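Worth saying up front: this structure is predicted, and the values here are computed from it rather than measured.
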Amino acid sequence: MKDSSRRGSRKFDKGTLLGLLFAVCGIVGGLLAEKGTLADVSQGTAALIVFGGTLGAILIGTPLNEVWSALQALKLVFFDPREPVHELLEDLINFATRARRNGIVSLDSDAEQIDDPFLKKALIMAIDGLEATELRTMMEMDLHVEERRMLQRAKVFERAGGYAPTIGIIGAVLGLIQVMKSLANIDEVGRGIAVSFVATLYGVGSANLLFLPAANKIRNHVRHRVEVMELVVEGVAGIVEGMNPRMLRRKLETLAGEQTEKMLSAPDALNAQPAAEERVSL
C-alpha cells in the first residue's frame, strides 16, 4: 500500500523561498538605492529589545506548551507536508473495493501500516464494527479538536505580529531617551535618532515579514488538513455503509471539489475564526 511510504514526506515550500527572496531584495535594494548601507540597520541592541520583548510578551500571555507547539509548527512555513488529495481518494476507494469484496475485517492488516493517525483511528473503529453514524460523530469531534489545536499555533504568531511593532516603538523611545542626553552635540543627536528608529523598523518588519505571514501559512495548512480529515470521515463512513466504490468515488470527488471551490471563493474563511477560538480553552 502506498500510504505508509507517502505520508510524512516533505518538500521545501517554494512560495516561502520566493517570498523571502523578494522581501529581502526589495528592502535591501531600496536601502542601497537611497545610498544607505547594511550597517545603518544592523543594530544588535534594537534586535535584542524587539525580539526579546516580543518573546517575553508571548510567554506572559500564552501557555508555554502552546509556544513550544507553535515553534515546532514553523516547519510548516518552510516545508510542505501536504499529500495530494487525489492520492488519498485512491486509497479510500481501494479500501472500499477490498472491504466490499472480502469484508471490512480484511482491512485490519492495512490499518496497522497507516501513518496518518486520523485515518488509522477511523479505519480501526470501522473494523471494530462501529456504525457509520457513531463513527461520523466521534471522528468529527476529533476533527474539531484537532482543528482548534492547530489554529492555536497560528494564533501565537498572530499575537507576536501584534506585539512586535509596539515593542519596536518602546525601543525607539528608549533610544530617544539616550539621545536627549547628548543634545549639546548635534552630530551625536542626528546619529542617535537614526539608530533609535531601527527598533521600530525591526518591530514592523518582523511582524509583516515573519510573524503574520507565518500565521497565514499555518492557517493554509490547517485548511488543507481539515479538508483531508473531512474526506477521511466520509470515505470510511461510506465503507462502513457498504457503499458501491464507484458511487463512493463520485461522492468524495464532489466533496473535494466543493471544498476547493469554497477555499477559492472565501480564502479568509478561517481568518474570521479567531473570535470564536478565544472561547476555546485547550
Side-chain angles (χ1 to χ4, degrees), residues 1-11 13-15 76 79-147 149-151 217-267 269-270:
M1 188 178 74
K2 295 186 292 183
D3 186 85
S4 290
S5 60
R6 186 179 69 245
R7 284 173 174 76
S9 61
R10 298 180 184 276
K11 58 182 179 180
D13 194 312
K14 296 179 181 178
L76 298 177
F79 296 94
D80 187 356
R82 295 182 297 179
E83 64 191 70
V85 173
H86 69 86
E87 294 186 358
L88 172 64
L89 290 178
E90 291 302 322
D91 282 342
L92 291 171
I93 298 306
N94 288 337
F95 289 147
T97 301
R98 294 173 58 184
R100 189 176 177 87
R101 182 182 303 144
N102 304 319
I104 196 169
V105 179
S106 64
L107 301 178
D108 190 39
S109 59
D110 294 319
E112 295 302 324
Q113 301 176 27
I114 295 175
D115 292 335
D116 186 329
F118 189 79
L119 175 57
K120 183 174 184 176
K121 180 178 180 179
L123 201 57
I124 290 177
M125 291 172 64
I127 293 170
D128 289 343
L130 203 66
E131 295 292 333
T133 302
E134 295 175 341
L135 186 144
R136 275 197 180 93
T137 300
M138 296 183 66
M139 297 311 297
E140 285 175 358
M141 289 176 58
D142 284 358
L143 185 154
H144 294 313
V145 170
E146 178 71 7
E147 181 182 9
R149 183 182 65 82
M150 292 188 293
L151 286 173
K217 181 75 76 169
I218 292 172
R219 283 184 177 275
N220 286 334
H221 283 285
V222 173
R223 187 179 293 117
H224 176 80
R225 179 60 181 164
V226 169
E227 176 186 355
V228 168
M229 295 170 81
E230 289 176 346
L231 288 176
V232 167
V233 171
E234 291 302 320
V236 176
I239 294 173
V240 172
E241 293 169 344
M243 184 178 293
N244 184 292
R246 288 191 295 274
M247 296 300 296
L248 182 60
R249 177 186 293 276
R250 294 194 186 104
K251 179 179 181 180
L252 295 180
E253 287 177 345
T254 300
L255 178 61
E258 289 177 351
Q259 290 169 330
T260 302
E261 183 178 351
K262 187 187 301 182
M263 288 166 56
L264 293 175
S265 61
L270 283 179

Does the side chain of [Y] come within less than 4.5 Å of [X]'s, by heavy atoms?
{"X": "F95", "Y": "I114", "value": "yes"}
{"X": "R136", "Y": "E234", "value": "yes"}
{"X": "M139", "Y": "F118", "value": "yes"}
{"X": "L92", "Y": "L119", "value": "yes"}
{"X": "V232", "Y": "L143", "value": "no"}

At what distance, to the nearest 0.5 angstrom, does [atom1] of [X] lie from [atom2] of [Y]?
{"X": "D142", "Y": "R149", "atom1": "CG", "atom2": "CZ", "result": "11.5 Å"}
{"X": "D108", "Y": "L123", "atom1": "CG", "atom2": "CG", "result": "8.5 Å"}
{"X": "M125", "Y": "M138", "atom1": "CE", "atom2": "CE", "result": "3.5 Å"}
{"X": "D110", "Y": "I124", "atom1": "CG", "atom2": "CD1", "result": "11.5 Å"}
{"X": "H86", "Y": "L252", "atom1": "NE2", "atom2": "CG", "result": "14.5 Å"}
{"X": "I127", "Y": "S109", "atom1": "CD1", "atom2": "OG", "result": "8.0 Å"}

* What do the steps show when you test H224 against V85 for side-chain contact (heavy atoms from CB on, under 4.5 Å), and what is the final call? -> CA-CA 9 Å; H224 176 80; V85 173; 3.8 Å; yes

* Before giving the answer on side-chain contact (heavy atoms from CB on, under 4.5 Å), spell out for K251 and R246 the whole-Å C-alpha distance, their side-chain angles and the decisive distance to 0.1 Å. => CA-CA 9 Å; K251 179 179 181 180; R246 288 191 295 274; over 6 Å; no

* **Salt-bridge present (D116, R225; N to O < 4.0 Å)** => yes

* **Basic-acidic side-chain contact under 4.0 Å: R249, E90** => yes

Looking only at heavy atoms, what is the nearest atom pair of [X] and [Y], with distance?
{"X": "A132", "Y": "A237", "answer": "CB-O, 3.9 Å"}
{"X": "A126", "Y": "V240", "answer": "CB-CG2, 3.4 Å"}
{"X": "A256", "Y": "L231", "answer": "N-CD2, 4.0 Å"}
{"X": "G235", "Y": "L248", "answer": "O-CD2, 3.9 Å"}

* Quick check: does any side chain N or O of R219 sit under 3.5 Å from a backbone N or O of L151, one acting as donor and the other as acceptor? -> no

* Before giving the answer on side-chain contact (heavy atoms from CB on, under 4.5 Å), spell out for V222 and V226 the whole-Å C-alpha distance, their side-chain angles and the decisive distance to 0.1 Å. => CA-CA 6 Å; V222 173; V226 169; 4.2 Å; yes

* Give a yes or no on this: more than 12 heavy atoms of other residues, nucleotides or ligands lie within 6.0 Å of atom CD of E241. => yes

* Criterion side-chain contact (heavy atoms from CB on, under 4.5 Å) on R98 and L107, from CA distance to verdict -> CA-CA 8 Å; R98 294 173 58 184; L107 301 178; 4.0 Å; yes

